Asks: 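Below are the structure tokens for one structure; questions will follow.
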Amino acid sequence: MISTQAWADARRLWDYHQMGHTPRPCSVAIGLGSHDLGVADTAVDLYKHGMAPLLVFTGATSPTTQERMPRGEAVHYRERAVELGVPSSAVLVEPNARNTGDNIKFSRAVLEEAGVQVTSVLLISKPYEERRAYATACKLWPGIEFVSASTPMTFDEYVDSIQDAHLVIDMLVGALQRLLIYPEQGFMISQPVPDDVREAYERLCRQGFTSRLLATKP
């Protein structure tokens with residue numbers, strides 16, 4: 001059973017992980033690979049609304065996507081985008097990234113190789129990864145304006161879509177831990193973490209929502 005307090009704490013983390021940016025036209029949209037095809041769907045929707053003239057999908061495979069996306073996350077995202085009506089000429093694929101840092105570095109290299117001039121990026125991720133993606137991109141690609149985006153949905157809707165509340169809370173906790181420890185390791189910029197968010201995170205750790213934590217002190 002998940003306690004009322006744990007639900008409240010998870011919602012607090014969910015809200016913090018989202019940047020609250022309003023999508024606006026950018027030089028390019030980058031969709032970060034994962035198990036969630038909703039990232040590709042959102043990228044297509046933003047493309048069709050004129051938010052970017054070019055899409056880049058980035059991602060190899062992981063243990064959680066190997067079976068569902070055997071050709072690689074970015075390739076499956078591209079196939080989905082073309083299926084939904086995006087011209088193949090408007091989609092670039094970066095098939096090697098295995099973490100968020102790789103997503104940014106390798107996508108940047110693909111765009112430079114293609115001769116695309118980039119001043120702003122619409123960064124599309126899972127809803128609870130918005131802040132992590134933003135902080136990573138700002139660190140690894142300075143001088144570019146990043147606008148975070150994800151599929152518009154509530155915490156409850158996301159839990160319903162995953163059908164595993166404990167796993168979702170684990171992922172929220174793991175994403176918050178990385179925001180706390182990665183800046184010191186040079187992987188992302190530091191961002192203020194409000195006391196109530198930090199306290200919610202610590203309570204969830206104590207209650208055992210720890211399967212996505214790295215092997216370090218929370």
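Just so you know, residue 1 is the first one in the sequence shown, and it goes up from there. Since the structure is predicted, the reported quantities are computational estimates derived from the model, not experimental observations.
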Asks: Are Leu214 and Tyr182 side-chain neighbours, meaning at least one heavy-atom pair lies under 4.5 Å?
Replies: yes
Asks: Would the number of heavy atoms belonging to other residues, nucleotides or ligands and lying under 6.0 Å from CD of Glu83 be above 12?
Replies: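 Result for CD/Glu83: enclosed.
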Asks: Is the NZ or CZ atom of Arg131 both under 6.0 Å from the centre of the six-membered ring of Tyr16 and within 45° of that ring's axis?
Replies: yes
Asks: Does the side chain of His17 come within less than 4.5 Å of Glu130's, by heavy atoms?
Replies: no
Asks: Flag yes if Tyr77 and Ile124 sit in one hydrophobic cluster, no otherwise; membership is Ile, Leu, Val, Met, Phe, Trp, Tyr, and two members link when side-chain heavy atoms are under 4.5 Å apart.
Replies: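 Tyr77 clusters together with Ile124.
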Asks: Of all residues at least two apart in sequence or in a different chain, which pass the side chain to side chain contact (heavy atoms under 4.5 Å, CB included) check with Ala165?
Replies: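 Side chain to side chain contact (heavy atoms under 4.5 Å, CB included) check on Ala165 returns Ile2, Trp7, Val159.
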Asks: Who pairs with Asp164 by side chain to side chain contact (heavy atoms under 4.5 Å, CB included), at least two apart in sequence or on another chain?
Replies: Ile162, His166, Leu167
Asks: State whether the number of non-hydrogen atoms from other residues, nucleotides or ligands found under 6.0 Å of Gln185 atom CD is greater than 12.
Replies: yes
Asks: With a 4.5 Å heavy-atom cut-off, do Thr210 and Val173 have their side chains touching?
Replies: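 Not in contact.
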Asks: Over all heavy atoms of both residues, which pair between Pro95 and Ala74 is shortest? Give the atoms and the distance, please.
Replies: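 Smallest interatomic distance, heavy atoms only, reads CA-CB, 4.4 Å.
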Asks: Quick one: pull up CD1 in Ile169 and CZ in Arg212 and give me the separation to the nearest 0.5 Å.
Replies: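 The CZ atom of Arg212 is 13.5 Å from CD1 of Ile169, to the nearest 0.5 Å.
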Asks: Donor-acceptor pair, Arg198 side chain versus Pro194 backbone, under 3.5 Å?
Replies: no
Asks: Indicate yes or no: at least one non-hydrogen side-chain atom of Glu113 is less than 4.5 angstrom from one of Val110.
Replies: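 With C-beta onward as the side chain, the pair stays apart.
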Asks: Hydrophobic clustering (ILVMFWY, side-chain heavy atoms < 4.5 Å, transitive) - are Leu111 and Val75 grouped together?
Replies: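 Unlinked, Val75 and Leu111 end up in two clusters.
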Asks: Under 4.5 Å between side-chain heavy atoms, counting indirect links through other Ile/Leu/Val/Met/Phe/Trp/Tyr residues: same cluster for Leu92 and Val121 or not?
Replies: yes
Asks: Apply ring-ring contact (aromatic ring centres under 6.0 Å, His included) to Tyr158 and list each qualifying residue two or more places apart in sequence or on a separate chain.
Replies: Trp14, Tyr128
Asks: So does Arg203 pair up with Asp9, basic N to acidic O under 4.0 Å?
Replies: yes
Asks: How about Ser150 and Ser125: does a side-chain donor come under 3.5 Å of a side-chain acceptor?
Replies: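 No donor-acceptor contact under 3.5 Å links the two side chains.
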Asks: Before you tell me yes or no, could you show the steps for Gln207 and Ser3 under side-chain contact (heavy atoms from CB on, under 4.5 Å), namely the whole-Å CA-CA distance, both residues' side-chain angles and the distance that decides it to 0.1 Å?
Replies: CA-CA 9 Å; Gln207 291 182 50; Ser3 69; 3.4 Å; yes
Asks: Using the side chain to side chain contact (heavy atoms under 4.5 Å, CB included) criterion, which residues pair with Thr136? Sequence neighbours excluded.
Replies: Thr100, Ile104, Arg132, Leu140, Met188
Asks: Are the side chains of Arg98 and Thr61 in contact, using a 4.5 Å heavy-atom criterion?
Replies: yes
Asks: In terms of hydrophobic clustering (I, L, V, M, F, W, Y; side-chain heavy atoms under 4.5 Å; direct or indirect links), are Leu179 and Trp141 co-clustered?
Replies: no
Asks: Taking the side chain as every heavy atom from C-beta outward, state whether Val39 and Leu32 have any pair of such atoms under 4.5 Å apart.
Replies: no
Asks: Looking only at heavy atoms, what is the nearest atom pair of Leu123 and Ala133, with distance?
Replies: CD2-O, 3.4 Å
Asks: Return the minimal non-hydrogen interatomic distance between Ala135 and Gln191, and the atom names on each side.
Replies: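 Minimum heavy-atom separation between Ala135 and Gln191: CB-NE2, 3.2 Å.
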Asks: Give the minimum heavy-atom separation between Asn103 and Gly33, together with the two atoms involved.
Replies: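 Looking at all heavy atoms of both residues, the closest pair is ND2-N, 4.4 Å.
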Asks: Taking the side chain as C-beta and beyond, is there a heavy-atom pair between Met19 and Val147 under 4.5 Å?
Replies: no
Asks: For Arg71, is there an ion pair with Glu79 - N to carboxylate O distance below 4.0 angstrom?
Replies: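 Salt bridge between Glu79 and Arg71, a charged N being under 4.0 Å from a carboxylate O: yes.
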Asks: Could you name each residue pair satisfying ring pair (Phe, Tyr, Trp, His ring centres under 6.0 Å) that touches residues 101-126, not counting sequence neighbours?
Replies: none
Asks: If hydrophobic clusters are built from ILVMFWY residues whose side chains come within less than 4.5 Å, do Ile144 and Met51 share one?
Replies: no
Asks: Looking at Thr58 and Ser107, would you say the former's side chain and the latter's main chain have a donor-acceptor pair under 3.5 Å?
Replies: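 Judged by distance alone, no pair lies under 3.5 Å.
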Asks: Ring centroid separation for His21 and Tyr134, is it under 6.0 angstrom?
Replies: yes
Asks: So do Gln18 and Pro127 actually touch side chain to side chain, heavy atoms under 4.5 Å?
Replies: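 In contact.
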Asks: Is the shortest distance from a Lys or Arg side-chain nitrogen in Arg108 or Glu112 to a carboxylate oxygen in the other one below 4.0 Å?
Replies: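 A salt bridge links Arg108 with Glu112.
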Asks: Grab the two heavy atoms, one from Leu204 and one from Ala10, that are nearest each other, plus how far apart they are.
Replies: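 That closest heavy-atom pairing would be CD1-N, 4.0 Å.
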Asks: Is it true that Arg24 and Glu145 make a salt bridge, defined as a side-chain N closer than 4.0 Å to a carboxylate O?
Replies: yes
Asks: Taking only residues two or more places apart in sequence, or in another chain, which ones meet Val82 in a side chain to side chain contact (heavy atoms under 4.5 Å, CB included)?
Replies: Arg78, Ser88
Asks: Work out which heavy atom in Leu13 is nearest to a heavy atom in Val197; give both atom names and the distance.
Replies: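 Shortest heavy-atom contact: CD1-O, 3.7 Å.
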Asks: Between Glu94 and Ala97, is there a donor-acceptor pair closer than 3.5 Å when you use the side chain of the first and the backbone of the second?
Replies: yes
